[in-house]
There are 2 protein chains.
Amino acid sequence: MIGFEHHNHADCISTSVEAADNYCRTAGLQLTPARRRVLEILLGEHRALGAYDILEILAKNGFAAQPPVAYRALDFLVKHGFAHRIERLNAFVACAHPGIEHDPSFLLCRICDAVAEAQSDAASGRLGKVAETTGFKIERAVVEAVGVCPNCRGET
Amino acid sequence: MIGFEHHNHADCISTSVEAADNYCRTAGLQLTPARRRVLEILLGEHRALGAYDILEILAKNGFAAQPPVAYRALDFLVKHGFAHRIERLNAFVACAHPGIEHDPSFLLCRICDAVAEAQSDAASGRLGKVAETTGFKIERAVVEAVGVCPNCRGET
DNA sequence: TGTTGATATGTTATACTATAACGATTAGCA
DNA sequence: TGCTAATCGTTATAGTATAACATATCAACA
């Protein structure tokens, strides 16, 4: 699980962007400049960024500074699995396992706002059983866990 | 699990409000008129209501129509476990198991907006293991599953 | 080549969600 | 009674997100 360890960001970013690039080419999607830049921005942080944070950075990069510019790019990235939206934070984060079909789960540090993405099996556990019994058909299940990350635990 | 079945609302509401009333008296909390009315409103629907939906109803009931009136009551209800906030919908729902300490899980119908609350074991399953390995301490874990409820499945 | 249709962008305006701040009031209790 | 904390009334503003419409780009294809 990516998230709380230190690692080489520059590599991490360029590799991921390149992967997205290839995927889009294959799938007939357009990774336009704004979309690519937003993906780079998200990859540059292992924490969630609000749409307006991103918008601000885009503006400094010569893009238009209207909210739809950021929201459209984010919608694209989320729709195609390059990023996830974190409901609890009204914010967005780059996907840690792009290309793999998955329901994301997040570990959110309430102290430093770091975000780690993990896999969970919520839909197949107890919740899945309840849903099955009731006749509810689960299409997506996201888990957002709030707590304290290893770095912040050490520092208290 | 309460949620998708038909049942007697009037009983359901008065019983729950009474329970909240008793709990508050015991715990030294004030279930003031606005708080009580908001709880009743939430119990009257088995779906999530936005703060401004509630505010509108409060206004018709003679309460002040400023946002803080609704938010304060909702904060109180959520804090003490009488209601939950559903992040995905920016909305609130009455708790289906008040008095019991629990991390709520929700089944959200994307067609009719019905909400059912269930128990899950997200924090003790795969996600819990990952967290443990990493050193992340989970304090709360909420699951929000989107899908189609039994009633809407029948009607397609 | 020129038309067409789908996709993406620029831009303005507005809707929706939530909280800060401060003074007035009330409840519970020493 | 008088103190203290909790609650409420009110104004203002911050933060998040989308509607709507005009323009532009580009690939497919007659």
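Fair warning: this is a prediction, and the values are worked out from it, not measured in the lab. Each chain gets a letter, A, B and so on, in the order its sequence line appears, and its residues count up from 1.
- Residues B:P67 and B:R35 both approach DNA chain D. Their nearest nucleotides, taken by heavy-atom distance, put B:R35 toward the 5′ side.
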Task: Protein-to-nucleotide contact annotation, 5' to 3' order, nucleotides 24-30 of chain C [B base; S sugar-phosphate only; - none; under 4.0 Å, heavy atom] - done: ---S---
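- Separating the CD atom of A:Q66 from the C1' atom of D:dA19 is a distance of 15 Å, rounded to the nearest angstrom.
- Heavy-atom distances under 4.0 Å link DNA chain C to A:P68, A:R72 of residues 68-92 of chain A, given in residue order.
- Counting non-hydrogen atoms of neighbouring residues, nucleotides and ligands closer than 6.0 angstrom, the CD atom of B:E139 exceeds 12 such neighbours.
- Note: the hydrophobic cluster containing A:F92 also contains A:L77 (ILVMFWY, side chain heavy atoms under 4.5 Å, direct or indirect links).
- Contact between A:V148 and A:R153 at its shortest, heavy atoms only, is CG1-CG, 3.5 Å.
- Considering all non-hydrogen atoms of both residues, B:N61 and B:I57 come closest at ND2-O, 2.7 Å.
- Within a 6.0 Å radius of OH in A:Y23, no more than 12 heavy atoms belonging to other residues, nucleotides or ligands are found.
- Looking at A:T133 and A:V130, their side chains never come closer than 4.5 Å, going by heavy atoms from C-beta outward.
- Across the protein-nucleic acid pair, B:L55 atom CG and C:dA18 atom C1' stand 12 Å apart, rounded to whole Å.
- If you measure from atom CD1 of B:I54 to atom P of C:dC16, you get 16 Å, rounded to the nearest angstrom.
- Note: CZ (A:R36) to P (C:dA8) measures 15 Å, nearest angstrom.
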Task: B:F82 vs B:C95, side-chain contact (heavy atoms from CB on, under 4.5 Å): CA-CA, chis, key distance, verdict - done: CA-CA 5 Å; B:F82 302 123; B:C95 176; 5.6 Å; no
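- As a whole-Å value, the separation of B:D53 CG from C:dA15 P is 16 Å.
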Open item on the list: Please evaluate residues B:E132 and B:K129 with respect to the criterion salt bridge (charged side-chain N to carboxylate O under 4.0 Å, His left out), reporting the C-alpha separation (whole Å), side-chain torsions for both, the decisive distance (0.1 Å), and the verdict.
Closed with: CA-CA 5 Å; B:E132 203 172 316; B:K129 289 208 176 49; over 6 Å; no
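- Taking the six-membered ring for Trp and the full ring otherwise, the centers of A:H102 and A:H84 sit less than 6.0 Å from each other.
- Counting atom types as modelled, A:Y52 pairs a side-chain N or O with a base atom of D:dA17 as donor and acceptor under 3.5 Å.
- Taking atom CG of residue A:L29 and atom P of nucleotide D:dA27, one finds them 14 Å apart after rounding to whole Å.
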